[in-house]
There are 2 protein chains.
Amino acid sequence: MVEKKLDNKFSERLNTSGFRFTPQRQRVYDVLMQKRDHPTADEVFVRAKKQMPEISHATVYNTLDALVKCGLVKQVQLQRGAARFCPNMEEHCHYYCDKCGEVFDVPLNKNSAMMPSPRGFKVDHYDIAVHGLCADCAKKK
Amino acid sequence: MVEKKLDNKFSERLNTSGFRFTPQRQRVYDVLMQKRDHPTADEVFVRAKKQMPEISHATVYNTLDALVKCGLVKQVQLQRGAARFCPNMEEHCHYYCDKCGEVFDVPLNKNSAMMPSPRGFKVDHYDIAVHGLCADCAKKK
DNA sequence: CAAGGACTTTAGAATTATTCTAAATCTTGA
DNA sequence: TCAAGATTTAGAATAATTCTAAAGTCCTTG
């Protein structure tokens with residue numbers, strides 16, 4: 001029971017939040033790390049299936065929730081419809097093109113602390129999106 | 001055709017974006033103004049129905065979209081699931097309690113300009129949410 | 001090793017949120 | 001007044017997510 005501890009960071013992180021390591025969870029996390037384009041749960045499902053054809057829809061949803069709870073992944077809700085997922089845990093904000101749907105991360109300097117703090121509110125995390133047109137779409141318009 | 005122009009700000013704003021004034025749109029907007037608790041489209045529908053029983057679901061959705069396009073209302077996506085709507089067009093951010101779901105606006109000082117600007121990206125608007133626990137829920141925990 | 005328990009996965013059903021469709025109605029300008 | 005275009009409506013359709021029940025896995029204890 002002791003020797004599996006050092007498996008890797010990923011497995012440790014799951015464990016400390018009370019989750020077990022499973023191949024499905026590894027696979028979902030790998031999918032997110034491999035192509036960092038902020039896929040939806042369904043896109044993750046499709047990609048995960050390529051190497052693990054028997055994985056189910058529900059597992060992908062459950063896993064994404066678990067990873068969010070572990071602090072391994074961020075859930076991003078940029079518009080109505082499907083949530084997107086992002087394994088970049090650095091402090092950053094999302095630039096979102098309302099035309100083509102492209103999303104990209106922009107690191108955030110420390111001064112995000114400029115946010116006012118209503119008394120008593122216990123901040124968990126900030127969620128900052130910038131909507132507009134990406135360079136390409138802006139040109140075309 | 002001329003004398004309706006000065007109806008009110010609301011109607012003007014619709015017109016300048018190519019929308020017509022309709023009683024349904026007025027009603028939906030009134031609902032948002034009367035109770036500023038960031039209702040979902042469905043909650044708006046229920047409230048609107050009280051004084052306008054024949055209003056339809058689709059109209060509420062269409063209207064909310066129209067109001068967002070006019071710049072009269074903001075759409076807020078704080079979590080998975082239903083979008084919420086907010087008639088406060090001042091620069092502000094949303095504090096959201098992940099436990100009880102309460103949302104409140106906090107005005108934002110001018111220094112929101114601190115946001116980095118990737119070259120070529122044409123910013124339309126910022127969308128800033130702060131997740132955590134409201135004072136009440138933080139106490140209980 | 002066997003049994004029990006907790007956690008996880010799976011397929012598919014169910015639910016929720018939103019969008020679409022087609023027909024009816026309304027408004028506006030010619 | 002008429003035609004075009006916008007709007008509304010009920011209900012169907014779609015999309016996104018959650019739920020359910022059964023089966024599988026892994027660990028711990030006897």
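Heavy-atom basis, side chains included; hydrogens, waters and symmetry copies ignored. Chain identifiers are assigned alphabetically (A, B, ...) following the order of the sequence lines, protein sequences preceding nucleic acid strands; residue numbering begins at 1 within each chain.
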Any side-chain N or O of B:T22 under 4.0 Å from OP1/OP2 of D:dT8?
yes
Within the structure, does a side-chain N or O atom of B:Y61 lie under 4.0 Å from either OP1 or OP2 of C:dT18?
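So the side chain of B:Y61 is within the cut-off, an N or O lying under 4.0 Å from OP1 or OP2 of C:dT18.
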Using 30° and 60° as the class limits, which term best fits the ring planes of [X] and [Y]: parallel, tilted or perpendicular?
| X | Y | value |
| --- | --- | --- |
| B:F10 | B:F21 | perpendicular |
| A:H57 | A:F45 | parallel |
| A:H38 | A:H94 | perpendicular |

Separation of atom [atom1] in [X] from atom [atom2] in [N], rounded to whole Å:
| X | N | atom1 | atom2 | value |
| --- | --- | --- | --- | --- |
| A:H57 | D:dC19 | NE2 | P | 15 Å |
| B:Q77 | C:dT18 | CD | C1' | 11 Å |
| B:Q24 | D:dT9 | CD | P | 5 Å |
| B:D42 | C:dT18 | CG | P | 8 Å |
| A:E43 | D:dT17 | CD | C1' | 15 Å |
| B:K69 | D:dT7 | NZ | P | 11 Å |
| A:I55 | D:dT25 | CD1 | P | 15 Å |
| B:K49 | D:dA10 | NZ | P | 6 Å |

Among C:dT18, D:dT8, C:dT19, which is the nearest nucleotide to the side chain of B:A83?
C:dT18
Choosing from D:dA10, D:dT7, C:dT9, which nucleotide comes nearest the side chain of B:S56?
D:dA10
Counting any heavy atom closer than 4.0 Å, what does [X] reach on the DNA or RNA strands: base, sugar-phosphate only, or nothing?
| X | answer |
| --- | --- |
| B:T59 | base |
| A:A58 | base |
| B:R80 | sugar-phosphate |

Say whether B:L14 and B:L64 are linked into one hydrophobic cluster, either directly or through other cluster members, by side-chain heavy-atom distances under 4.5 angstrom.
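Yes, because B:L14 and B:L64 connect within a single hydrophobic cluster, where side-chain heavy atoms sit under 4.5 Å apart.
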What I want to find out is whether B:D30 reaches B:R47 closely enough, with some N-O distance under 4.0 Å, to be called a salt bridge.
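No salt bridge links B:D30 with B:R47.
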Taking for B:T40 and for B:R20 the nucleotide of DNA chain C with the nearest heavy atom, the one nearer the 5' end belongs to B:T40
Which residue lies more 5' along DNA chain D, comparing A:D65 with B:G18 via nearest heavy atoms:
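Residue closer to the 5' terminus by nearest nucleotide: B:G18.
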